[in-house]
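Order of appearance sets the numbers: ligands from 1, and atoms from 1 within every ligand.
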Amino acid sequence: MSNPRQSAHPIDPLFIERWSPRAFTEEAITESQLMSLLEAARWAPSAYNIQPWRFVFARRGTDAWTPIFDSLVEFNRMWSQRAAALVVIVSAREALFPGKTEPVPNPSHAFDAGAAWASLAFQAQLSGWSAHAMAGFDADRLRTAIALPEGYAIDTVVAVGRKGDPAVLPEGVRARELPSDRRPLADSAFEGRFGAQG
Ligand SMILES: Cc1cc2nc3c(=O)[nH]c(=O)nc-3n(C[C@H](O)[C@H](O)[C@H](O)COP(=O)(O)O)c2cc1C
């Protein structure tokens, strides 16, 4: 399928070629292929280099898959059943900052975990895989499923798979199986003062 996305300013094609498919081929991913995506996530920047993220992964067909998969909302289970792996991205709410003796709340834990997600997604794109983040899960159920300690927030669950034929999806979802657009940059980027028109 051709990609209808147009960049208004010069950027590497990677940024518009990445998108979040729901149709996957059911191809399995090897542990080393998956580690390569998590390795990219590991190198994300974070405040004070705290690296608040942790990744709990499960490949389809392993014992770890079902408890994580079962915590997804029905809509997400419908399409992610063909994914090769699920990666739960969690982050520590508190951190021991330089010069402190006690952990204190880390205001950027979710922001930094978001950087890790983006790194994973772009490495997936570079490696011929696709990543699709999901906020649609039962947090309590997932917390139990992955034995998440107190003090960690669940940021997202990422489905990783090989992009497949949209025909595997139900009709309404199939119609949305294409790269989405973005609002103009001028609606998001302001010089000096919020909302200022350039
Ligand atoms: C944190 C986060 C949560 C999301 N949750 C879901 C979800 O539960 N189910 C789903 O189908 N897509 C979900 N998405 C996918 C977004 O809808 C998608 O990224 C957005 O529409 C932009 O499209 P693109 O990623 O194809 O560029 C989520 C994306 C992010 C980043």
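- Under a 3.5 Å cut-off, the side chain of Thr25 and the backbone N or O of Gly164 do not form any donor-acceptor pair.
- Scanning the protein heavy atoms around atom 6 (C) of ligand 1, the nearest turns out to be Ala133 O, 3.2 Å.
- Under the 30°/60° scheme for interplanar angles, the aromatic rings of Phe24 and Trp79 are found to be tilted.
- No donor-acceptor pair under 3.5 Å is formed between the side chain of Arg60 and the backbone N or O of Ala28.
- For ligand 1 and Trp19, the ligand atoms under 4.0 Å from any heavy atom of the residue are 26 (O).
- For atom 16 (C) of ligand 1, the nearest protein heavy atom is 4.0 Å or more away.
- Using a distance-only test at 3.5 Å, with no hydrogens or angles considered, a donor-acceptor pair links the side chain of His132 to the main chain of Pro21.
- If you check each of His132, Arg176, Met134 against atom 10 (C) of ligand 1, the one with the closest non-hydrogen atom is His132.
- Listed by atom number, the atoms of ligand 1 under 4.0 Å from Phe75 heavy atoms are 11 (O).
- For the 3.5 Å distance criterion, the side chains of Ser188 and Arg183 qualify, holding a donor opposite an acceptor.
- The distance criterion of under 3.5 Å between nitrogen or oxygen atoms is met by Ala135 with respect to ligand 1.
- No part of Glu177 comes within 4.0 Å of ligand 1, judged by heavy-atom distances.
- By the criterion of a heavy-atom distance under 4.0 Å, the side chain of Asn76, and not its backbone, is placed next to ligand 1.
- Here is the list of ligand 1 atoms found below 4.0 Å of a heavy atom in Arg5: 24 (P), 26 (O), 27 (O).
- At a heavy-atom distance under 4.0 Å, only side-chain atoms of Ser180, from C-beta outward, approach ligand 1.
- Dense packing is recorded around CZ of Phe190, with more than 12 heavy atoms of other residues, nucleotides or ligands lying under 6.0 Å away.
- Across every non-hydrogen atom of His109 and Ser91, the tightest pair is ND1-OG, 2.8 Å.
- Residue Gly136 has at least one heavy-atom neighbour below 4.0 Å for each of these atoms of ligand 1: 8 (O).
- A salt bridge links Arg42 with Glu39; the closest basic N to acidic carboxylate O contact falls under 4.0 Å.
- With a 4.0 Å heavy-atom cut-off, ligand 1 is reached by no atom of Phe137.
- Among protein heavy atoms, the minimum distance from atom 18 (C) of ligand 1 is reached at Ser20 OG, 4.2 Å.
- Protein heavy atoms are absent from the 4.0 Å sphere centred on atom 20 (C) of ligand 1.
- Both cation-pi conditions hold for Arg162 and Trp129: the charged atom is under 6.0 angstrom from the six-membered ring centre and inside a 45 degree cone around its axis.
- Ser46 contributes a side-chain N or O that, together with a main-chain N or O of Ile50, makes up a donor-acceptor pair within less than 3.5 Å.
- Looking only at heavy atoms of the protein, atom 1 (C) of ligand 1 is closest to Thr156 OG1, 4.1 Å.
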